[in-house]
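Structure record follows, encoded as structure tokens.
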Amino acid sequence: MEAKKLLIVGGGSAGWMAAAYLEAALRDNGRRDVEVALIESPDVPRIGVGEATIPNIKHILSVIGIDEIDFLRQVSGTFKQAIKYVDWLHGAGEHYYHPFDGFRVQPIDRAARRWLMSDRSIPFADTTSLQPVVCELGLAPKPLASQTGGPSLAYAYHMDALKFADLLTGIATARGVRHHIDHVTGVERADNGDIAAVHTRSGQRLEADLYIDCTGFASLLIEKELGVGWVDCSQWLLCNRAVTLNVPYEHHYSGHVRPYTTATALSSGWVWEIPLQHRKALGYVHSSDFISEDEAVRELKAFEGPHAQSLDTRTVHFRVGHRAKVWARNCIAIGLAGNFIEPLESTGLYLSDLATVMLAEHFPHEDADREILARRYNRIMANRFYEILDFINMHYCLTRRSDTPFWREIRRPERVNDRLRAKLAFWRTKLPSKSDFVDQFLPGQAASPLPDGGLPGDHRPPVDTAGVFGIESYEAILYGMDFLADESDRWFGRDRPATKVPRFIVENLKRAPRALPAHDVWLQRLAGMPVFPRTRGHRS
């Protein structure tokens, strides 16, 4: 049987992740049923920002066969144990954590109820996880080989996205993925409407059975050729720009590498701080309706400190939304061509990761019905998009800030989508629990079908199955943002006992400083991070 041909148009992290993963996942005991090729244009500039991931990235790395230490060395990687949110509730210096690891009393988990019945003098996440304290201490999530007896905590990574793409390029091409460096000048259609080939500036005609559009917001195949429209979701997430800034450690170094991502709310959005082995990456995600580009640059540099004034910035434009269908005919859009949600919970790479993994699972081998597979694939991707959209939307709508026009606008009821509104209303009647995600069609939710883009498919309302963010993640954000504070006063009175931390968390925290090294020490000893001198007067 002749191998099916798969052509990925566009490189970057999305394109090369698809190439490397699909080559590995679709290889059958050394037999190649699928031939993978990738074409990327030499004219398209590469944009390198610090990238944060969620723990799911480990599946991609495992299937491709990338060793963790080698990965960290190659991508200037660091560990990420949590996201620390600063100034999201009142804008007065408060913070809370969304940790990746948690400990719950079994067999019945009453952590949230116990916390709500207390005076909440200790943040909720500190009563269910070691990681807020471990992060504040600057510790790695796992011990050195010479250390024993301590906890090993869940984690993801921070990395240089350009270096990650380079790593994947080397692996994929060494295993037989054909790499074309050429500019696509035209797309040829078959009589049935499918894409038949792409034509390049050098005169090549590249044919394939399936095409993956990784051309970013340019959407060369899925939109410009096939005409599949974009569903705008900016009414619920207002940010549409990011000013990025890199601070090399040779220029300025705080003396430590935080083992978490920081997301700090500013006047018209928020700033990510992603620590890598050689630099810190920052990005001010903001709304151009509330702040100009020059003002955003000034605010970001003021946030970082005087040493940032001499550093260059780059502004990235984006749009929040998704393709009406990410798989149309014989074309699948992966990455920005298919969908985008601002990276508040580090789901940018995850959506490309999921799209790639699901394509391997739904790949039309042999005589499989492509339309049936595409219908199911589109349903899965739409469900996951709206699950993430709800979760990001929730970070904003619970704020009590009213100090700037941006935050006042965020608080308006029409900025909360109907699915999230139904969740929050239901959880004011019953505390959130795992069963809420079995059938995520809660009382009060509108039965609004998915936009169809004029194309056939499964257009039922999206369903949240907690595939990414389950009950523990929701509780971290809800209670970090003081959800049910007023209700707790009515239910349990104002005179409540002091918050207690479970014994097993206290005991593990006593051992943690002895068992877990400083994050930078772990990276220096095992991942090749250089030793940088601390800069005086640095904002820690």
Side-chain angles (χ1 to χ4, degrees), residues 54-56 82-83 85 88-89 96-118 120 123-125 127-129 154 233 236-237 341 344-345 347 350-351 354 379-399 413 415-450 458 460-488 490-492:
I54 60 177
N56 303 62
I83 303 175
Y85 291 96
W88 282 79
L89 184 58
Y96 70 92
Y97 275 93
H98 176 193
F100 289 159
D101 214 332
F103 299 86
R104 302 298 181 101
V105 175
Q106 297 298 331
I108 298 178
D109 177 15
R110 295 192 175 92
R113 185 172 180 82
R114 282 197 306 269
W115 186 77
L116 290 170
M117 293 178 69
S118 76
R120 299 184 315 230
F124 174 76
T127 69
T128 60
S129 175
C233 297
W236 300 304
L237 295 176
I341 299 177
L344 184 56
E345 282 282 350
T347 52
Y350 168 74
L351 283 169
L354 175 69
R379 174 68 180 172
I380 291 169
M381 294 303 300
N383 280 344
R384 198 56 52 85
F385 175 90
Y386 282 103
E387 174 188 335
I388 296 171
L389 179 69
D390 288 3
F391 194 65
I392 303 301
N393 193 193
M394 183 174 66
H395 293 63
Y396 285 104
C397 73
L398 295 176
T399 186
R415 297 304 182 185
V416 185
N417 72 64
D418 72 304
R419 293 170 309 281
L420 178 58
R421 188 180 297 112
K423 291 177 184 178
L424 297 177
F426 187 62
W427 291 335
R428 288 189 173 95
T429 300
K430 179 199 75 68
L431 297 188
S433 62
K434 288 184 178 181
S435 65
D436 298 332
F437 299 92
V438 174
D439 175 5
Q440 244 293 307
F441 204 82
L442 298 175
Q445 183 173 330
S448 304
L450 285 166
D458 184 348
R460 292 172 296 155
V463 175
D464 184 350
T465 59
V468 188
F469 301 115
I471 183 61
E472 293 84 2
S473 292
Y474 266 92
E475 287 179 335
I477 307 305
L478 287 168
Y479 302 133
M481 294 292 286
D482 227 7
F483 182 65
L484 297 180
D486 296 335
E487 289 82 354
S488 294
R490 293 200 307 270
W491 297 338
F492 311 122

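Side-chain atoms are counted along with the backbone in the values below, which use heavy atoms only and exclude waters and symmetry mates. Numbers for residues simply follow the sequence, beginning at 1.
Distance check: R384 CZ to I341 CD1 gives 11.5 Å after rounding to the nearest 0.5 Å. Note that CZ of F426 and CG of L431 are 10.5 Å apart. Values are rounded to the nearest 0.5 Å. Rounding to the nearest 0.5 Å places CG of L484 at 9.0 Å from CZ of F492. Between I83 atom CD1 and E345 atom CD the span is 4.0 Å, to the nearest 0.5 Å. Rounding to the nearest 0.5 angstrom, the gap separating the CZ atom in F124 from the CD1 atom in I477 is 11.0 Å. Taking SG of C233 as the start and CG of L389 as the end, the distance is 5.5 Å to the nearest 0.5 Å.
For the pair N393 (side chain) and V416 (backbone), a donor-acceptor distance under 3.5 Å is absent. Between the N383 side chain and the I380 main chain, no donor and acceptor come within less than 3.5 Å of each other. Between the side chain of S129 and the backbone N or O of A125, no donor-acceptor pair lies under 3.5 Å. A donor-acceptor pair under 3.5 Å links the side-chain atoms of E387 to the main chain of V468, judged by distance alone. The backbone N or O of P461 sits nowhere less than 3.5 Å from a side-chain atom of R419 that would complete a donor-acceptor pair. Proximity of a side-chain donor or acceptor of R120 to a complementary backbone N or O of D482 within less than 3.5 Å is not detected.
Inter-residue side-chain proximity for F391 and T347 is flagged as unmet; no heavy-atom pair is nearer than 4.5 Å. Between M481 and Y85, every side-chain heavy-atom pair lies at or beyond the 4.5 Å cut-off. Residues Y386 and L450 are in side-chain contact: their nearest non-hydrogen atoms beyond the backbone lie under 4.5 Å apart. In this structure, the side chains of L351 and I388 come closer than 4.5 Å at one or more pairs of heavy atoms. Here the side chains of Y479 and L116 are in contact, with some heavy-atom distance below 4.5 Å. The closest side-chain heavy-atom distance from F483 to L424 is below 4.5 Å. At a threshold of 4.5 Å between non-hydrogen side-chain atoms, the residues L478 and M394 count as touching. Between H98 and S473, some side-chain heavy-atom pair lies under the 4.5 Å cut-off.
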Output, in order, the C-alpha distance, side-chain angles, deciding distance and verdict of side chain to side chain contact (heavy atoms under 4.5 Å, CB included) for V105 and R110. CA-CA 8 Å; V105 175; R110 295 192 175 92; over 6 Å; no
Does the pair V463 and R379 meet the rule for a side chain to side chain contact (heavy atoms under 4.5 Å, CB included), with working shown? CA-CA 9 Å; V463 175; R379 174 68 180 172; 3.5 Å; yes
Going through the distances and angles, do H395 and L344 end up as a side chain to side chain contact (heavy atoms under 4.5 Å, CB included)? CA-CA 9 Å; H395 293 63; L344 184 56; 3.7 Å; yes
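Here the closest non-hydrogen pair linking T128 and A111 is CG2-CB, 3.8 Å. Closest non-hydrogen pair, P443 versus A422, comes out as O-CB, 3.8 Å. Summarising the geometry of P413 relative to R421, their closest heavy-atom pair is O-NH2, 2.9 Å, with the distance given to 0.1 Å.
When each of N417, D418, D464 is tested with K423 by the rule side-chain hydrogen bond (donor to acceptor under 3.5 Å, both in side chains), just one qualifies, namely D464. Of the residues listed (R104, K434, R114), the one engaging D109 in a side-chain hydrogen bond (donor to acceptor under 3.5 Å, both in side chains) is R104, and it is the only one.
Within a 6.0 Å sphere centred on CZ of R113, heavy atoms belonging to other residues, nucleotides or ligands number 12 at most.
Relative ring orientation between Y474 and W427 is described as perpendicular, the plane-to-plane angle rising above 60° on a 0-90° scale split at 30° and 60°.
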